[in-house]
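Just below is one structure, and these are the notes that go with it.
Basis for what follows: all heavy atoms, side chains included, without hydrogens, waters or symmetry-related copies. Chain A is the first sequence line, chain B the second, and so forth, proteins listed ahead of strands; every chain is numbered from 1.
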There are 2 protein chains.
Amino acid sequence: MRADARRNLGKIVEAAAAVMAERGPAAPMDLIARRAGVGVGTLYRRFPDRAALLAAMGEHYVHSLAEALDRAAEREPDAWSALRAFVLWTGDAGRGALAAALAVLPEEATAGPGFMEIRARWLERLAVLVRRAQADGRMRADVTADDVVALLNLFACHPGSLPAHVASRPAWFLGLMLDGMSAGAAPH
Amino acid sequence: MRADARRNLGKIVEAAAAVMAERGPAAPMDLIARRAGVGVGTLYRRFPDRAALLAAMGEHYVHSLAEALDRAAEREPDAWSALRAFVLWTGDAGRGALAAALAVLPEEATAGPGFMEIRARWLERLAVLVRRAQADGRMRADVTADDVVALLNLFACHPGSLPAHVASRPAWFLGLMLDGMSAGAAPH
DNA sequence: CGTAACCGGAATATCATCATCCGCTAAGGA
DNA sequence: TCCTTAGCGGATGATGATATTCCGGTTACG
């Protein structure tokens, strides 16, 4: 594969994530191509249909998400801090990535080859972290890993249509919900 | 105005709220008409364009929202309980109404005659409630009324695209954020 | 019972997006 | 340096969805 082709491929995946984060999974292909600085033809040559593009995006970003979780787990001293750090990381670093990986993708791109495996592994690690934080008495016992994922989803789905007050301080709101999940909060 | 005409008008506003809650403010007029059990013609005769329809919806639902807040303030013994009751009420009773009044409307229907006044009054009452709850030491001091509104917005914007895990138990998630706002939670 | 207001939805106009195709460009090897 | 060919980009026609109009039929109300 020629060098420029490879370069463009990367640009397209990134652009797709960015545009879809703003306009949802049905965003016009035109926009994605333009954002990538590429003609529509190039886009279609590389990805015969939308599903293929979504699959590529999914694989790429779920991977980066899993990496971030592992990084947090290594660096932070305990499970609860790691969970917290990870959730807050999603708030500033990779909103587009999140929207892509969590909210947009599962609909159609679930079939990717490495996608399901890495996603499952990621979910499992998250669940372990949750259980550990609960065992440490730092996290409410009635909160599940799925709840954490749902929380991320809530913030990831269509950042473009998020209330401005939330969009401008995502970390603050994520922190609020984390506080609600912490052991200190009233369990009802 | 003939009796059936008036009846239909009500049905249309309700249908518009329901459909727009699911599909956003750009939902097809067809759908709205069908949901109302009415022909498209009737819809257009009553509301010359989308903006008119949005305005009508806005007035109607902001009103009902203000009523709910006042009701909660009367019934509950203290400010924090009232706030909590109101927020949780939005979770089950009137999601469509919320989506309409908070997320969908401000974009275009802000110009309605009674709209701005009642909205401002509502916001003011909400702010009073927040200040009282904070004075009572039941609510975190760094949370503002705008934050509460943003929270509602977060759940109201496009229920159709909410993660299933959230959509099926809205009250649970709202409760989580309320817990995060309560005085008990760690302020950081 | 008459009439005029009102209804419904078929028909048309409009528009945005998809997806293809082909002449041009330039990457990379000899 | 030059040649070959993978690769590029965007104009183009097809397609499907939505807005909006219009009129024959219906029904509320005096």
Practice task
Kindly indicate, with the supporting measurements, whether the criterion salt bridge (charged side-chain N to carboxylate O under 4.0 Å, His left out) is fulfilled by A:Glu59 and A:Arg119.
Solution key: CA-CA 9 Å; A:Glu59 203 150 336; A:Arg119 182 167 208 262; over 6 Å; no

Handout entry: B:Arg45 vs C:dA5: side-chain N/O to OP1/OP2 distance below 4.0 Å
Key = no

Handout entry: side-chain N/O B:Asn8 vs C:dC6 OP1/OP2, d < 4.0 Å
Key = no

Exercise for the section: Send over the distance from A:Met1 CE to C:dA27 C1', rounded to a whole Å. Expected result: 14 Å

Problem - B:Arg7 side chain near D:dA28 phosphate (N/O to OP1/OP2, under 4.0 Å) - result: no

Practice task
Starting at atom CE of A:Met29, determine the distance to atom P of C:dT20, rounded to an integer number of angstrom.
Solution key: 10 Å

Exercise for the section: Kindly say if B:Arg34 contacts the phosphate of C:dG9, meaning a side-chain N or O under 4.0 Å from OP1 or OP2. Expected result: no

Completion exercise
A:Ile32 CD1 to C:dT17 C1', in whole Å, measures 12 Å

Exercise for the section: Whole angstrom is fine here: how far is it from CG in A:Leu43 over to P in C:dC18? Expected result: 10 Å

Practice task
Round to the nearest Å and state the distance from B:Leu31 atom CG to C:dG8 atom P.
Solution key: 16 Å

Practice task
Under 4.0 Å between any heavy atoms, over every strand shown, what does B:Arg46 touch: base, sugar-phosphate, or nothing? Just pick one.
Solution key: sugar-phosphate

Fill in the blank from the handout: Among the nucleotides C:dG9, C:dT17, D:dA28, whichever has the atom closest to the side chain of B:Val40 is C:dG9

Practice task
Measure the shortest side-chain to side-chain distance between B:Leu88 and B:Leu178 over non-hydrogen atoms and say whether it is less than 4.5 angstrom.
Solution key: yes

Problem - Parallel, tilted or perpendicular, as decided by the 30° and 60° cut-offs, for the rings of A:Phe173 and A:His165 - result: perpendicular

Handout entry: Candidate nucleotides C:dT20, C:dA5, D:dG7, ranked by approach to the side chain of A:Asp4 - the nearest
Key = D:dG7

Practice task
May I have the distance from B:Asp30 (atom CG) to D:dA17 (atom C1'), rounded to whole angstrom?
Solution key: 9 Å

Exercise for the section: Determine the contact category for A:Ala3: base if any of its heavy atoms lies under 4.0 Å from a base atom, sugar-phosphate if only primed atoms, P, OP1 or OP2 are that close, otherwise nothing. Expected result: sugar-phosphate

Problem - Separation of C:dC6 C1' from B:Ile12 CD1 (nearest whole Å) - result: 12 Å

Practice task
Check the pair A:Ser81, A:Asp78 against side chain to side chain donor-acceptor pair (under 3.5 Å), reporting the backbone distance first and the verdict last.
Solution key: CA-CA 6 Å; A:Ser81 308; A:Asp78 60 277; 2.7 Å; yes

Exercise for the section: Could you tell me whether A:Arg169 and B:Asp147 make a salt bridge, using a distance below 4.0 angstrom between a side-chain N and a carboxylate O? Expected result: yes

Practice task
Could you please name the option among C:dT17, C:dA10, C:dG28 that lies closest to any side-chain atom of A:Pro28?
Solution key: C:dT17

Handout entry: Whole-Å gap separating P (C:dT17) and CG (A:Leu53)
Key = 16 Å

Exercise for the section: Looking only at side-chain atoms of B:Arg2, point me to the closest of C:dA27, D:dA28, C:dG8. Expected result: D:dA28

